[in-house]
**Q** 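Handing you this structure, nothing more for now.
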Amino acid sequence: TAMADLLRGWGHEVIDAAGMLDLQPRLMALSAAPSLVICDYRLRGTETGLSVVAQLHELFNEELPVILITGDTGAERLQAAQDSGHVLLHKPVSPAALQRAMARAAAPA
């Protein structure tokens with residue numbers, strides 16, 4: 001909620017959700033793919049940010065710029081997040097670090 005409020009304060013349109021089940025109905029109202037996905041690595045239950053990103057890729061049939069945020073210290077989870085190729089931030093995330101990550105994620109590959 002705090003990050004969504006910060007992003008809205010910066011003038012961004014934000015759709016915040018707890019997971020794909022909560023997110024999917026909100027996505028149906030969009031006329032285009034999101035310009036950026038900011039997702040926590042660990043979500044409720046067994047769902048991860050990587051699984052949500054994979055579903056978004058299928059839904060929009062395109063790669064989306066992604067920032068994964070994690071407080072995880074488990075080697076396997078950190079390796080999976082790093083191997084994804086997405087921008088990775090570690091909690092706590094400062095507003096300045098978030099701005100830099102947004103610019104990096106949005107830059108052409």
**Q** Going only through I, L, V, M, F, W and Y residues with side-chain contacts under 4.5 Å, is there a path from V87 to V14?
**A**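 Same hydrophobic cluster.
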**Q** With rounding to the nearest 0.5 Å, note down the distance linking CD1 in I67 to SG in C39.
**A**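 Interatomic distance, I67 CD1 to C39 SG, rounded to 0.5 Å: 11.0 Å.
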**Q** Please enumerate all residues that pass side-chain contact (heavy atoms from CB on, under 4.5 Å) together with D72, with sequence neighbours excluded.
**A**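 For D72 the side-chain contact (heavy atoms from CB on, under 4.5 Å) partners, ignoring immediate neighbours, are Y41, R42, T70, R77.
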**Q** Is there a side-chain contact between L50 and H86, using heavy atoms and a 4.5 Å cut-off?
**A**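 Answer yes - side chains close enough.
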**Q** Would you compute the distance between atom OG1 of T1 and atom CZ of R8 and round it to the nearest 0.5 angstrom?
**A**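 Here the rounded value is 8.5 Å.
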**Q** Just wondering, are more than 12 heavy atoms of other shown residues or ligands nearer than 6.0 Å to CD in E13?
**A**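 It does not: E13 CD has 12 such atoms or fewer within range.
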**Q** More than 12 heavy atoms of other residues, nucleotides or ligands under 6.0 Å from CG of D83: is that the case?
**A**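 Result for CG/D83: enclosed.
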**Q** Taking all non-hydrogen atoms of both residues, which atom of S35 and which atom of P65 are closest, and how far apart?
**A**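 Taking S35 first and P65 second, the nearest heavy atoms are O-CG, 2.9 Å.
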**Q** Taking side-chain contact (heavy atoms from CB on, under 4.5 Å) as the criterion, tell me which of L64, L68, V52 meets it with V37.
**A**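 Of the listed options, the one satisfying the test is L64.
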**Q** Kindly determine whether L89 and I38 satisfy side-chain contact (heavy atoms from CB on, under 4.5 Å), including the steps that lead there.
**A** CA-CA 10 Å; L89 293 177; I38 301 173; over 6 Å; no
**Q** L88 and L36: same hydrophobic cluster, using ILVMFWY side-chain contacts below 4.5 Å?
**A**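 The answer is no; the residues belong to distinct hydrophobic clusters.
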**Q** Could you please spell out the steps behind the side-chain contact (heavy atoms from CB on, under 4.5 Å) verdict for V53 and H57?
**A** CA-CA 6 Å; V53 168; H57 172 69; 5.6 Å; no
**Q** For V66 and L56, what are the C-alpha separation, side-chain angles and deciding distance, and is it a side-chain contact (heavy atoms from CB on, under 4.5 Å)?
**A** CA-CA 11 Å; V66 174; L56 291 173; over 6 Å; no
**Q** Only pairs under 3.5 Å count here: list side-chain donor-acceptor contacts from residues 19-29, not counting sequence neighbours, and write none if there are none.
**A**
residue, atom, partner, partner atom, Å
D22, OD1, R26, NH2, 3.3
D22, OD2, A18, N, 3.2
R26, NH1, D16, O, 2.2

